[in-house]
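Only one structure is covered here, and it is reproduced in the block below.
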Amino acid sequence: DGDDGPWSSFSIQIGTPPQRSRLFASTRSTSFWVPVPEGCTKDDPDDCGENRGFLFNTGSSTSWESKGLYELETYEEAKLGLSGNGLYGFDSVTIGWPGDNGPTVSNQAIAGIATKDFYLGGIPLTPWATNFTDIQNPFPSFLTTLKDNGSIPSISWGYTAGAYYNAPQVFGSLILGGYDLARIDPTKQQVSLSLGSDVSREHLIAVQNITFTSGSSPQNLAAASDGIFANINTNVGGMWLPKPVCDRFAEAFGITFDNRTDLYLINDTQHETLKQSNPSVTMQLGGSLIDALSTDIVLPYSSLALQAKSPFLKGSAGSEARYLPIHVAPNNTAYTLGRVLLQHAYVFTDYERMNFTVAPALLPGATNPTAEIVPIRVPGYVTTTKSSSLGGGAIAGIVIGVVAAITGVALVFWFMY
Ligand SMILES: *[C@@H]1O[C@H](CO)[C@@H](O)[C@H](O)[C@H]1NC(C)=O
Ligand SMILES: *[C@@H]1O[C@H](CO)[C@@H](O)[C@H](O)[C@H]1NC(C)=O
Ligand SMILES: *[C@@H]1O[C@H](CO)[C@@H](O)[C@H](O)[C@H]1NC(C)=O
Ligand SMILES: *[C@@H]1O[C@H](CO)[C@@H](O)[C@H](O)[C@H]1NC(C)=O
């Protein structure tokens, strides 16, 4: 899904009767974002609603409680030129498609979006409550609601974006209340950091080095001296970096910035050349610019040759172009690492302890697709041998992980019996 590269979306149902929606994972929003019919006009192609992950029709939901029009909480994204309004309200949300038997939670804050700056909507993964100017009491977040009703053991999540270009194609994975160990490369170094005190840039990480490797000659695209502290933000696809770093990317890849589309386009000729030389970009990330402990996220060329489509691709509707997902950040408060990094990085965040971990992702082969869900417990959690403790919140991993989690619970029951 998406107009800026193929990304995995996740299945959610909203309203009564439930309406289907395909949403991205949002590490930044406090409410569900979901495109509404105003998001597709008569100038858009007929399949606009389908392409945007389906449109949510508030008028068709008997449980929709409208709160009004507010600006989206895009403090971070606005620096990148992305913003919009949301038609805010409350409605019930069910995880998964009909028949998946995912949990339903009512009274979730939902922002109906029309802006095309965010082509698909998102599932809110921050636990911070949604504020409305006319409401004294903020509303509990999605993760807080799921924890309070026992669906998940803690306010935490694990996410990797998947690798669509890979053969076999690898889907993204989103776990609520834990993470999937099977998607983390156990042989590689990972880093765990405290969540940033600035709630809009919580997943701040130091970019110690960016290396371009083609054949035997590694080339430096960024170093500690570039002073890049970037926020990992899955509301966006690409990476926003300093101008000199983008220039070095362009030179290394043999491409130029296209003023018409505002993108670093890769034409067919250059694509063939790059496919032959098959370069990769290694992002060395750590807690500080000189921290000895760091993790290397390696992005092969195929993960960086993304497909831009309208409306992300300016110009004639229906056209497509290949591009390198880097953008010049307006200043040093806007450095951002989007979903492109998460194709090869696994991130899990523990809001109970306020820390997060970035690890090289393991792409499961077709032969080994089994999830290994690790629940994150609340601090002070005590394991008991009473079977009643295995209910509800004890083991959970929802959305993609649901099947594995149920298998896990069943196995434990069987073993104890
Ligand atoms: C950084 O750029 C953004 C977008 O242009 C702007 O809103 C913000 O004020 C700038 N911040 C600083 C510290 O210059
Ligand atoms: C919500 O409101 C509180 C109190 O006014 C404020 O401190 C907090 O930053 C707001 N949160 C968001 C996400 O806007
Ligand atoms: C998160 O923080 C807690 C408490 O400070 C610590 O015990 C734990 O090891 C940290 N987790 C990771 C993955 O670093
Ligand atoms: C493709 O891009 C390369 C590098 O920017 C350029 O030298 C070449 O002329 C372009 N080819 C075409 C057909 O536009």
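All heavy atoms count here, side chains included; hydrogens, waters and symmetry mates do not. In listed order, ligands and their atoms are each counted from 1.
Of the listed residues (W128, F90, F32, Y88), just one forms a ring pair (Phe, Tyr, Trp, His ring centres under 6.0 Å) with F139, and that residue is F90.
Taking 4.0 Å as the cut-off between side-chain N and carboxylate O, D3 and R52 do not count as a salt-bridged pair. Between D262 and K314, at least one side-chain N (NZ, or NE/NH1/NH2) sits under 4.0 Å from a carboxylate O, which counts as a salt bridge. Taking 4.0 Å as the cut-off between side-chain N and carboxylate O, D180 and R183 do not count as a salt-bridged pair.
The distance criterion of under 3.5 Å between nitrogen or oxygen atoms is not met by Q270 with respect to ligand 4. Every N/O-N/O distance between T357 and ligand 3 stays at or above 3.5 Å.
Judged as a disulfide (SG to SG under 2.5 Å), and not counting sequence neighbours, the contacts of C48 are C40. Taking the salt bridge (charged side-chain N to carboxylate O under 4.0 Å, His left out) definition, one finds that R28 meets it with E77, sequence neighbours left out. Listed by chain and residue number, nothing satisfies the salt bridge (charged side-chain N to carboxylate O under 4.0 Å, His left out) test with K42 (two or more places apart in sequence, or in another chain).
A cation-pi contact, defined as under 6.0 Å to the ring centre and within 45° of the axis, links R22 to F54.
Close approach of ligand 3 to S192 (heavy-atom distance below 4.0 Å) involves ligand atoms 12 (C), 13 (C), 14 (O). Interface atoms of ligand 4 facing G254, defined by a heavy-atom separation under 4.0 Å, are 4 (C), 5 (O).
The 4.0 Å heavy-atom shell around ligand 1 contains residues K79, P330, N331, T333, ordered by chain and number.
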